[in-house]
Amino acid sequence: MSDSGFTFDGRLLKRGEEGYEEARVGRVFNARRPDRYPAAVLLAESDDDLVNAVRWAREEGLQVSVRSGGHSWAAWGVRDETLLVDLGLLKDMTYDEETGIITTRTAVRGALDLAPFLQERGRSFPGGHCESVGIGGFVLQGGQGWNSRSLGWACESLVAIDVVTADGELVRADAEQNSDLWWAARGAGPGFPGLVARFHLQTYPLPPVMVQDTWTFRVEDTAPVLAWLHDVLPGLDRTVEPVLAATRLPDVPLHPGVERPTGTVLLVHTTCMGDSLEQVQQRLTPFASCPAGLEELGHVRSQTSIPEENAAQAAQNPEGHRYAVDCTWSDASAEQLAPVLEELWRELPTQHSFSIWYGWAPTRALPDMAFSVEANVYLATYLIYTDPAEDEQMRDLVHSRTARLAALDGRGVYLGDTDFTRRTDRFLSEENYARLEEIRAVRDPEGRFVHYLVGDASQLNVHS
Ligand SMILES: Cc1cc2nc3c(=O)[nH]c(=O)nc-3n(C[C@H](O)[C@H](O)[C@H](O)COP(=O)(O)OP(=O)(O)OC[C@H]3O[C@@H](n4cnc5c(N)ncnc54)[C@H](O)[C@@H]3O)c2cc1C
């Protein structure tokens, strides 16, 4: 179709036209849909569409926003009076056996599309823990995926991008050319000043063995469980990924004859990948038994696979539900965190709501890229519900409780689990944020691409 002399292979739906509403929010994962209205949505079908989208927006005096997988909790791509470029119809992938690099569209889903494509070739990529997350937003903001403690943030495997700039030119950005855009693409997330047409991602040999180990504890045991985890974390092999999840779901591992307590229980769910079962079991030795005096409700260990783990995560994050989410990186001790976490975990308001402690230490020197904030542990809370009347209550709860945690020894946030319309914090180091703003000023002086979605712009990337 054509508009103002521009031709599009895909459909351009202007506000008020039939199909606009579905195009606006039909692919937004969070059922708490935003009250923001783009001037038009382009369902892009080709590289020419991406170039023409930016040129058309410039002609029309519109800003450009982008959607890949639609999984940003705050629906960052849905912005008022923009041209929203929806990439959902673009899914092609090609793999180069010589280099192990996959070239892929950004709306590809990490587990449902990318992982099986790579698995057939004996390769893997540290994709998201939930199968339907798009790799577009995921990689641009950092990307905390399976095996990220050993393979690093997903964006560290971003070798190059093909990107449409604010001038409407499709260019390659990598270590040698347009390297400022490549630097920004590794961590700027929804503040990236460009429209990425393709990622070029380094892939890795698929580890032949993956084991999961899960302990179930009472929520009353929050303090000793945290003490145990903080104690073993720094010494764990980097292929070992420990997560403590507070959950109210009924189906948890229990020893025979043990009854599930009502309300919240704690699951210490640890995964490890390696070359052999023996190697993985050896790496999981710190979880072979729990400390004396700590009584578990259940314990299971078994071989697993990324698809199985992804399916479990999908069940934990159901579609068609409303989500209020927040997070903080923390260097606080187990003693500091325990009382605040226990109170939060006891008051999880619905059966699906959950909250995690994710062991990240020891942190390491990161490559020179925009992504720059992490700490010893990652704390994130996901309130999951269905009644729109509960939106304000849920949002108040998640952001106020996360603020309490952040006040202990919070180091900032991971963009992936934020909603800056309610609570802001640092997501890049001050130095990297300043550098990103310089890049934006040079690459996109007219602000063609939307900036971060934030309630109070003066608080963007401010850590207190
Ligand atoms: C159920 C669920 C599970 C999750 N699990 C994880 C997890 O395990 N690990 C993790 O790190 N995160 C996780 N997240 C967070 C998720 O990675 C982020 O919300 C991410 O932004 C989603 O990417 P997307 O492409 O699906 O989202 P979108 O909403 O489509 O994109 C988010 C933003 O990224 C930018 N963007 C996307 N594509 C492009 C492009 N081609 N060019 C320019 N800008 C672009 C845009 O600003 C866009 O608004 C999860 C989210 C959900 C809903």
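Since this is a predicted model, take the numbers as computed values, not measurements. Every number for a ligand or one of its atoms is a count from 1 in the order of the listing.
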Quiz question: by atom type and distance under 3.5 Å, do the side chains of [X] and [Y] form a donor-acceptor pair?
X    : Y    : result
Y382 : D326 : no
T214 : Q212 : yes
Q316 : H129 : no
N147 : R238 : no
T363 : E374 : no
W345 : T264 : no
T239 : R283 : yes

Around D387, counting heavy atoms of other residues, nucleotides and ligands shown, do more than 12 lie under 6.0 Å from its CG?
->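 Yes, because the 6.0 Å sphere around CG of D387 holds more than 12 heavy atoms from other groups.
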For atom CD of E431, decide whether the heavy atoms of other residues, nucleotides or ligands shown that lie under 6.0 angstrom number more than 12.
->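 No, because the 6.0 Å sphere around CD of E431 holds 12 heavy atoms or fewer from other groups.
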Report the nearest protein non-hydrogen atom to [atom]: residue, atom name, distance rounded to 0.1 Å.
atom                    : value
atom 40 (C) of ligand 1 : V66 CG1, 3.6 Å
atom 29 (O) of ligand 1 : S72 OG, 2.7 Å
atom 51 (C) of ligand 1 : W73 CZ2, 3.5 Å
atom 31 (O) of ligand 1 : G137 CA, 4.0 Å
atom 45 (C) of ligand 1 : L140 CD1, 3.3 Å
atom 38 (N) of ligand 1 : S68 OG, 2.6 Å
atom 14 (N) of ligand 1 : V133 CG2, 4.2 Å
atom 47 (O) of ligand 1 : P190 CA, 3.2 Å

Contacting atoms of ligand 1, where contact means under 4.0 angstrom from a heavy atom of [X]:
X    : value
R67  : 30 (O)
G416 : 15 (C), 19 (O)
F29  : 1 (C), 53 (C)
T106 : 41 (N)
G128 : 8 (O)
G77  : 49 (O)
V196 : 40 (C), 41 (N), 42 (N), 43 (C)

May I ask you to check whether F29 and Y323 place their ring centers less than 6.0 Å from one another?
->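 Yes.
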Answer with yes or no after comparing the ring centroid distance for W182 and H200 against a 6.0 Å cut-off, counting only values under it.
->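 No: the rings miss the under 6.0 Å criterion.
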Going by distance only, is there an N or O of [X] that falls short of 3.5 Å from an N or O of ligand 1?
X    : answer
G69  : yes
I135 : no
N317 : no
H71  : yes

Protein heavy atom under 4.0 Å of atom 53 (C) of ligand 1 |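 Yes, there is one.
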Please state which part of [X] comes within less than 4.0 Å of ligand 1, counting heavy atoms only: side chain, backbone, both or neither.
X    : value
Q141 : side chain
L415 : neither
L87  : side chain
Y323 : neither

Please step through ring-ring contact (aromatic ring centres under 6.0 Å, His included) for the pair W329 and H463, ending with a clear verdict.
-> CA-CA 12 Å; W329 286 110; H463 181 62; over 10 Å; no
Before giving the answer on side chain to side chain contact (heavy atoms under 4.5 Å, CB included), spell out for W183 and L436 the whole-Å C-alpha distance, their side-chain angles and the decisive distance to 0.1 Å.
-> CA-CA 9 Å; W183 181 89; L436 176 63; 4.2 Å; yes
Looking at CG of L42 and CG of N52, how far apart are the two atoms once the value is rounded to the nearest 0.5 Å?
->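 Going from CG on L42 over to CG on N52, the span is 9.0 Å.
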F427, F138, W153, W73 screened by ring-ring contact (aromatic ring centres under 6.0 Å, His included) with Y414, the one that passes =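 Exactly one pass, corresponding to W153.
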Whether G145 lies under 4.0 Å from ligand 1, heavy atom =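 Flag not set, G145 not near ligand 1.
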With a 4.0 Å cut-off on heavy atoms, does G189 reach ligand 1?
->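 The answer is no, since G189 has no heavy atom less than 4.0 Å from ligand 1.
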